[in-house]
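What follows is a set of notes on a single structure, which appears directly below.
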Number of protein chains: 2
Amino acid sequence: MSRVNGTLFRSRDFGTIERFIEPCILLLLSREPTHGYGLMEGLEKHCGEKVDVGDLYRTLRRMEHDGWVNSAWDRKENQRDKRIYTITEEGRAFLKHAVASLKETDELIHHLFRGYQKVYPESNAI
Amino acid sequence: MSRVNGTLFRSRDFGTIERFIEPCILLLLSREPTHGYGLMEGLEKHCGEKVDVGDLYRTLRRMEHDGWVNSAWDRKENQRDKRIYTITEEGRAFLKHAVASLKETDELIHHLFRGYQKVYPESNAI
DNA sequence: TGCTCATATATGTAAATATCATATATCATT
DNA sequence: AATGATATATGATATTTACATATATGAGCA
C-alpha cells in the first residue's frame with residue numbers, strides 16, 4: 001500500500017485489463033511473425049507502460065500451448081538464436097473474440113463515465 | 001479450458017478489468033449509502049454479467065480497511081440487520097483516480113481497435 | 001584480452017485477485 | 001413446516017501479476 005496525493009493505492013495499478021497483452025501480441029503477429037524480444041517495442045506502444053519480459057515469454061509459451069501461435073527457432077550465423085512466433089487461425093479467432101469482448105468492456109467503462117459525470121458534473125469524465 | 005465456435009477459452013472471461021467493481025461500488029455509494037445486498041442490482045448494470053456475492057462482501061470489507069468506505073449496522077424491528085456502507089473522502093479521491101486510470105485504459109483499447117481495423121479492414125472494429 | 005551493454009530467452013517465488021462452493025440466519029409467503 | 005428471498009459472510013483453489021534472478025551470445029571499445 002502506498003499513498004499518492006492523499007489517495008491510497010495497493011501494489012498493482014488500477015484499471016489494467018487482465019491478459020490485455022495477448023490480443024496485442026496477436027495483432028502484432030498478424031502483421032508479421034516476430035520473436036519475443038522483438039515484440040517489446042510494439043507492445044509498449046499498445047499496452048502502455050513497461051512490459052514485464054518474464055511475463056511476455058511465459059505468455060508466448062502459454063499461447064503456443066493454447067494453439068494461438070506456433071514457434072520455430074531461427075538460427076543464423078553471427079546472430080543470437082531467436083524463437084519466431086507465427087499466429088495461427090485459432091489465434092486469429094481468439095483475437096476477433098477478444099476485440100468483441102473489449103467492446104463490451106469499453107461500454108461498461110463508458111457507462112461508468114456517464115454515471116460519474118452525473119454525480120460529479122464539475123468533472124469532465126467524458 | 002473450453003472451446004466455443006472453435007475458439008479456445010480459459011476459465012476466466014477475457015477482457016475484464018481488475019477490481020472494476022470498486023469504482024462501481026463507490027459511484028453507487030456516492031448517490032446514497034447502501035448495504036451490500038442492496039448494491040447488487042446496481043452493480044449488475046455497471047459490471048455487466050453476474051456479481052459474485054462473496055466477492056462483493058469481501059471487497060466491501062477490504063475497501064473499509066483501505067478507508068474508502070465506512071460501515072454501520074442498521075438494526076430495525078421486523079427487518080434483517082444490514083451493514084450500511086458510506087463513501088469517505090478518500091473513497092471519492094480513489095474514484096476520481098480510478099476514472100482517470102480508466103480513461104487511459106480506454107485509450108489503449110481504442111488503440112487496439114484502430115490497429116485491428118487496419119489489419120482486418122473487413123471487420124467493423126470501430 | 002577483458003569489460004560492459006544490448007540482445008535474447010527463460011525460471012522461481014510471492015502476492016493479489018477471481019471463482020466456486022459452502023455456511024448461517026432472518027423474514028415473508030405458501 | 002417448508003420454501004424462497006434477503007443478508008452477510010468464510011474456505012479453498014486457480015489464475016494472474018510483479019519482481020527478482022539466471023543464463024548466454026554478439027557488438028563495441030579500451
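Keep in mind that the numbers below use all heavy atoms, side chains included, and drop hydrogens, waters and symmetry copies. Below, chains carry the letters A, B, ... as their sequence lines are ordered, and counting in each starts from 1.
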Task: Between NE2 on residue A:His97 and CZ on residue B:Phe14, distance to nearest 0.5 Å - done: 7.5 Å
Task: Selected nucleotide, minimal atom distance to B:Arg19 side chain, candidates C:dA10, C:dT17, D:dT8 - done: C:dT17
Task: Listed nucleotide nearest any side-chain atom of A:His35, set C:dT9, D:dT8, D:dT16 - done: C:dT9
Task: N-O pairing of A:Arg83 and A:Asp81 below 4.0 Å - done: no
Open item on the list: Looking at B:Ser123, is its backbone amide N or carbonyl O close enough to the side chain of B:Gln117 to form a donor-acceptor pair, meaning the two atoms are under 3.5 Å apart?
Closed with: yes
TODO: Quick one: label A:Arg83 by what it contacts on the DNA or RNA (base, sugar-phosphate, nothing), any heavy atom closer than 4.0 Å.
DONE: sugar-phosphate
List, with names and distances, any nitrogen or oxygen atoms from the protein found under 3.5 Å away from nitrogen or oxygen atoms belonging to nucleotides 22-30 of chain C.
| residue | atom | partner | partner atom | Å |
| --- | --- | --- | --- | --- |
| C:dA25 | N3 | B:Arg80 | NH1 | 2.7 |

TODO: State whether a side-chain donor-acceptor pair under 3.5 Å links A:Arg92 with B:Tyr120.
DONE: yes
Task: Closest nucleotide among C:dA10, C:dC20, C:dT17 to the A:Arg61 side chain - done: C:dA10
TODO: With rounding to the nearest 0.5 Å, note down the distance linking CG in A:Leu95 to SG in A:Cys24.
DONE: 9.5 Å
TODO: Select base, sugar-phosphate, or nothing to describe what B:Gly54 touches, counting heavy atoms under 4.0 Å on all strands.
DONE: base
Task: With A:Leu39, the side-chain contact (heavy atoms from CB on, under 4.5 Å) member among A:Thr59, A:Leu28, A:Ile21, A:Val51 - done: A:Leu28
Task: Out of C:dT17, C:dT9, D:dT6, whichever nucleotide has its closest atom nearest the side chain of B:Arg62 - done: C:dT17
